[in-house]
Each structure stands twice: as C-alpha cells, then as structure tokens.
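Notes follow the structure.
For clarity, every value in this text was computed on a predicted model and none was experimentally measured. When reading the values below, keep in mind they use all heavy atoms of this one structure, side chains included, and skip hydrogens, waters and symmetry mates.
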Amino acid sequence: MTLPKEPWKSDIWRNRPAFLYSRRPIARYVGRPAAEFLKIEPAAGVVLVACAVIAMAWANSPWAASYDAVWGLDITISIGDFTLHHTLKDWINDGLMAVFFFVVGLEIKSEIVSGELSSPRSAVPPIAAALGGMAVPALIYTALNAGGPGAHGWGIPMATDIAFAVGVLALFGSRIPSPARIFLLTLAIVDDLGAIAVIAVFYTEDLSSTWLLTAAALIALAILMRLLNVSSGPVYLVIGVLLWIAMLESGVHATIAGVVMGLIISAKPLLDPAVVHAEAQELAKEGLTVEETERLVKLTRDAQPPSERIQHQNHRFSSFLVLPLFALANAGIPLSANLVDAAVGSTVTLGIVLGLLVGKTAGITLTTWIVVRLGLGRMPRGTSWPLLASIAAVAGIGFTVALFITELAFHGDQTLTYEGKMGVLAASVLAALIGGVAVHLTAPKTAQEDDSDPVMEGAAEAGLGLADCFSRATRP
C-alpha cells in the first residue's frame with residue numbers, strides 16, 4: 001500500500017508523527033522503504049536467499065570456526081529439577097521452527113475449511129499432484145541409494161519450499177492466472193503436510209510413552225477448549241508451549257506440536273460478519289466514544305476466522321525471523337575441495353538433485369494429467385499443460401523443509417549431512433532458475449483478468465499497519 005509523500009503532515013497525528021513516518025532521513029530513506037519491502041510477496045524469499053548466502057560465506061571465510069562456535073553455543077533452561085539443554089542451532093531447529101510449522105498448520109486448516117481443499121473437484125488435482133511430487137522423488141532417491149549409507153535420506157527430496165516457490169511465481173505478477181497460483185500454494189501446503197507426516201513417522205526415535213501420553217492429554221485439552229468455544233489466545237499459548245515440551249521429550253519431533261495446534265485453531269469466525277457489519281455502522285452513526293471504539297475493535301477481531309487472523313499476525317515473524325535464522329544456522333557448508341569432490345560423486349547428492357529437479361516435475365505433471373484424464377478433477381482455470389509443467393519445476397525448490405529433513409535423516413553423520421545439504425542447495429538454485437525461465441516462456445504474455453487472490457495476498461500480508469490508517473484518513 002502506497003504512503004502519502006509527506007506522511008508527517010497528515011492530520012492523523014495528535015502532536016508529532018511516529019519515528020517511521022517522520023521527516024528524519026533514516027526514516028525516509030531506510031525505514032519506510034524497508035517497511036514497504038516487507039509487504040512485497042517475494043521479499044521473504046529474498047531474505048532467505050540472502051541469509052543462505054551469508055551462511056555459506058561465513059562458513060568458508062577465515063572466521064569459519066566462529067560459525068560452528070556460535071550455532072553450537074549451549075543454552076540451558078532449568079525450572080526446578082526439569083532441564084532443557086540444547087545448542088543454539090537445536091533451539092532454532094526444534095523451537096523456532098515450531099512457529100513456522102504452526103503457521104503451516106493454520107494455512108492447512110484454512111484451506112480445508114474454506115479454501116481449495118474444501119471443494120473435492122478443485123482439491124483433488126493439487127492433492128494428487130502433491131502426492132505424485134513426493135512419491136516420484138523418493139523413488140528416484142531410493143533407486144540410487146537403496147542399501148547404502150544414505151538410504152535413510154529418501155524423505156529429503158519430497159519437500160517443496162512454500163516461500164520460495166510462491167515467491168518465484170509472484171515475480172511474474174498478473175501474468176500467472178490466479179487458479180494456477182492457488183494450485184501451487186495448495187500443492188505446497190499438502191506437500192508440507194506430507195513432509196510433517198514423514199518426519200513424525202520415519203524420523204522419530206527413542207519414544208517415551210509417558211511423554212506421549214502427556215502430549216495426547218494436552219491435545220485432548222486443546223480440542224475440548226475448541227469445542228467449548230474458548231477463544232482466549234493465552235489459554236492456547238500455554239497449552240501449545242506445554243505440548244511442545246511434551247513432544248520434545250517424547251522423541252517425536254517437537255515441531256509437530258506447532259502443526260497440531262495450527263490444525264486445532266478454529267477457521268470460522270466467532271461472530272457473524274454480517275451482524276458485526278450492521279452493528280459497526282450503527283455504532284458509527286453518532287460518532288464513537290473510546291469505549292465504543294474498543295468494542296468496535298473487538299467486534300472486528302472476532303468477526304475474522306482465528307486461523308486467518310493468527311496466521312497474519314505470525315507470518316512476518318515466521319518469514320523474516322524464523323526462516324532466516326534457520327538458513328543462517330543450517331546453510332553454512334564448508335566447501336573444501338575434498339567435500340565438493342565427495343558431493344559430486346555422491347549418490348546422496350545426485351539422488352536429491354534428480355529427485356527435486358526431475359522427480360518433482362515428472363511426478364506433479366504426470367499425476368495431474370492422470371487425474372484430469374480420469375475426470376476426477378479439473379485443470380486450474382487459464383492454465384495450459386506447458387505452464388503447469390513449468391510450475392511443477394518451480395516446486396522442485398526444496399530449501400527449508402528439505403534442509404530440515406537432512407539434519408534429521410543424517411543426524412550425527414557430518415559427511416552425509418554435508419552431501420545432502422549440497423544436493424538441496426544445488427537443486428533448489430537450479431529449480432528456481434529452470435522453473436523461472438520455463439514459467440516466463442509458457443505463461444500468458446498479458447495480464448490475466450480476475451487476478452484477485454485473497455489466499456495469496458493473505459500469505460504475503462501480516463495484517464493492517466499504520467499505512468492503512470493513512471490510506472483511510474486520506475480517502476475522499
């Protein structure tokens with residue numbers, strides 16, 4: 001949303017403007033441009049790439065020892081006799097990444113209730129495409145690594161990175177039909193759900209029945225609160241934190257707690273939006289007192305689905321803090337001559353590269369073609385087969401979740417971990433370049449009509465900011 005040229009002159013200020021909207025040079029030439037940049041859809045992907053590049057540069061610089069020292073820093077939290085002891089990297093991978101998966105869980109819930117996954121005819125193609133896009137890469141990887149030391153890494157090339165994939169399509173703006181973008185987003189969400197299931201079932205060891213029962217009890221409590229229509233955020237926050245601890249101690253990967261809580265949060269508003277709209281108009285007729293304004297704010301909040309509201313509140317934290325920190329902590333691969341030679345000749349690296357580049361494209365395209373030909377679903381409106389194949393190539397960007405699964409699959413084996421990460425990074429870069437060029441060649445040359453896409457817009461926005469106040473204050 002565009003700000004007025006001189007926001008400090010707006011009548012909205014009582015005395016003087018907030019720093020970000022002042023005449024100060026750092027606000028005008030750094031602060032406001034940065035705030036506007038964060039609203040651009042591909043921005044999260046740009047920041048993620050920048051952090052990955054910084055991590056690689058840091059790990060291969062004269063200060064490489066400090067890279068391992070920083071992310072290997074021990075952090076202990078003790079409450080009485082209970083102690084959590086992990087490295088900084090583990091706190092990011094097990095702790096902060098739970099927030100990322102919480103947002104993913106909210107997206108999945110919204111899609112199931114009111115999005116593409118709520119309509120069988122529209123949902124079947126992207127769901128089938130996601131399954132094909134997971135199965136074929138896993139089979140390619142397994143064919144190359146069956147019986148070898150890297151066999152356990154078959155889940156790595158199954159994952160699609162939502163932020164990067166959606167960001168690549170966003171570069172083409174309105175040339176991409178809205179249904180095609182929703183197809184990719186839905187596919188990526190189902191893909192993430194599959195990756196989460198794989199993590200929970202195949203990359204979990206040393207289960208503790210006591211902690212698992214505790215986690216089950218907490219999940220049952222959260223569901224009960226949901227059924228009783230309890231809408232207090234702090235209640236679910238406390239349950240979520242306790243569930244995260246229970247999952248961490250149970251042996252099931254702690255990030256699963258984020259997904260579970262995201263799926264439990266309601267995707268329907270507490271209040272009827274039409275009734276709230278009518279009451280808001282009635283309240284505004286004679287002007288609003290402070291109490292009436294507070295009531296209006298509460299009515300507006302409760303007329304929005306909690307899953308969408310919370311998703312918007314956490315989107316920027318997840319995209320611009322959690323994922324960049326994850327990239328910084330995990331993408332630093334020492335590129336020694338021996339390691340590069342080992343990776344080039346490694347079936348682990350080759351399996352991941354072929355799985356993401358060839359397997360994703362073939363699996364998604366072929367599965368979608370079968371579903372459409374059998375009449376089980378329909379192609380996204382305005383999307384040709386060449387464009388769909390190009391979008392499938394973009395889905396080969398595995399980065400975040402693929403790196404995450406690499407850490408789990410080869411935990412304790414530094415050589416295999418490095419080879420896996422090399423494969424993920426190489427495949428993701430190639431998929432972005434090849435997929436981007438393919439989309440450019442196959443997408444319509446002109447802007448498409450009916451390009452409004454609330455799902456995609458919601459994924460890029462974090463809620464209303466002060467800029468919205470300016471637009472309303474200056475609206476005729």
Side-chain angles (χ1 to χ4, degrees), residues 30 33-34 36-73 87-89 91-93 96-97 100 156-157 159-171 188 316-344 346 349 352-353 356-357 393-407 410 414 417-437 460:
V30 179
E36 291 298 309
F37 169 76
L38 295 181
K39 296 179 181 180
I40 301 173
E41 198 169 303
V46 172
V47 174
L48 204 55
V49 169
C51 288
V53 171
I54 290 171
M56 289 287 287
W58 186 0
N60 292 279
S61 71
W63 305 279
S66 66
Y67 181 86
D68 293 327
V70 168
W71 303 115
L73 181 67
T87 64
L88 177 57
K89 180 179 177 179
W91 278 109
I92 292 171
N93 291 354
L96 284 182
M97 282 298 285
F100 167 74
I156 298 170
T160 292
D161 190 288
I162 292 179
F164 275 137
V166 171
V168 168
L169 287 196
L171 296 174
R316 284 185 184 170
F317 177 75
S318 172
S319 298
F320 295 105
L321 182 64
V322 174
L323 293 184
L325 280 175
F326 176 83
L328 283 171
N330 291 275
I333 305 173
L335 298 178
S336 65
N338 291 336
L339 176 60
V340 173
D341 288 341
V344 169
S346 168
T349 305
I352 293 171
V353 171
L356 286 171
L357 290 180
V394 171
I397 304 173
F399 199 74
T400 306
V401 180
L403 286 177
F404 188 71
I405 297 177
T406 302
E407 287 284 339
F410 302 135
Q414 192 175 49
T417 300
Y418 283 159
E419 290 175 1
K421 288 184 175 181
M422 286 285 287
V424 171
L425 293 175
S428 296
V429 171
L430 288 172
L433 294 174
I434 294 171
V437 171

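A distance of 9.0 Å separates CZ of Phe399 from CG of Leu323, quoted to the nearest 0.5 Å. If you take CG on Leu357 and CD1 on Ile352, they are separated by 11.5 Å, rounding to the nearest 0.5 Å. The CG atom of Leu356 sits 7.5 Å away from atom OG1 of Thr160, with the distance rounded to the nearest 0.5 Å.
Contact detail for Ser318 and Pro324: the closest heavy-atom pair is O-CD, 4.3 Å. Nearest approach of Gly423 to Val353, heavy atoms of both residues: O-CG2, 3.7 Å. Residues Ala393 and Ala431 approach most closely at O-CB, 3.7 Å, considering heavy atoms. Of all heavy-atom pairs spanning Ala59 and Ala64, the tightest one is O-CB, 3.3 Å. The two residues Leu425 and Ala331 have their closest heavy-atom pair at CD1-O, 4.2 Å. Between Val424 and Ile156, the shortest heavy-atom contact is CG2-CG2, 3.6 Å.
Residue pairs that meet the side chain to side chain donor-acceptor pair (under 3.5 Å) test with at least one member in residues 322-335, sequence neighbours left out, are Asn93-Asn330. For the side chain to side chain donor-acceptor pair (under 3.5 Å) condition, the pairs that include at least one residue of residues 50-72, sequence neighbours left out, are Trp58-Ser66.
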Show the atom names and distances, to 0.1 Å, of all donor-acceptor pairs under 3.5 Å that link a side chain in residues 48-55 to residues at least two apart or in another chain.
none

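The side chain to side chain contact (heavy atoms under 4.5 Å, CB included) test applied to Thr417 returns Thr406, Glu407, Phe410, Lys421, not counting sequence neighbours. Partners of Leu321 by side chain to side chain contact (heavy atoms under 4.5 Å, CB included), not counting sequence neighbours, listed by chain and number: Phe317, Leu325. Partners of Ser346 under the side chain to side chain contact (heavy atoms under 4.5 Å, CB included) rule, at least two apart in sequence or in another chain, are Val348, Thr349, Glu419.
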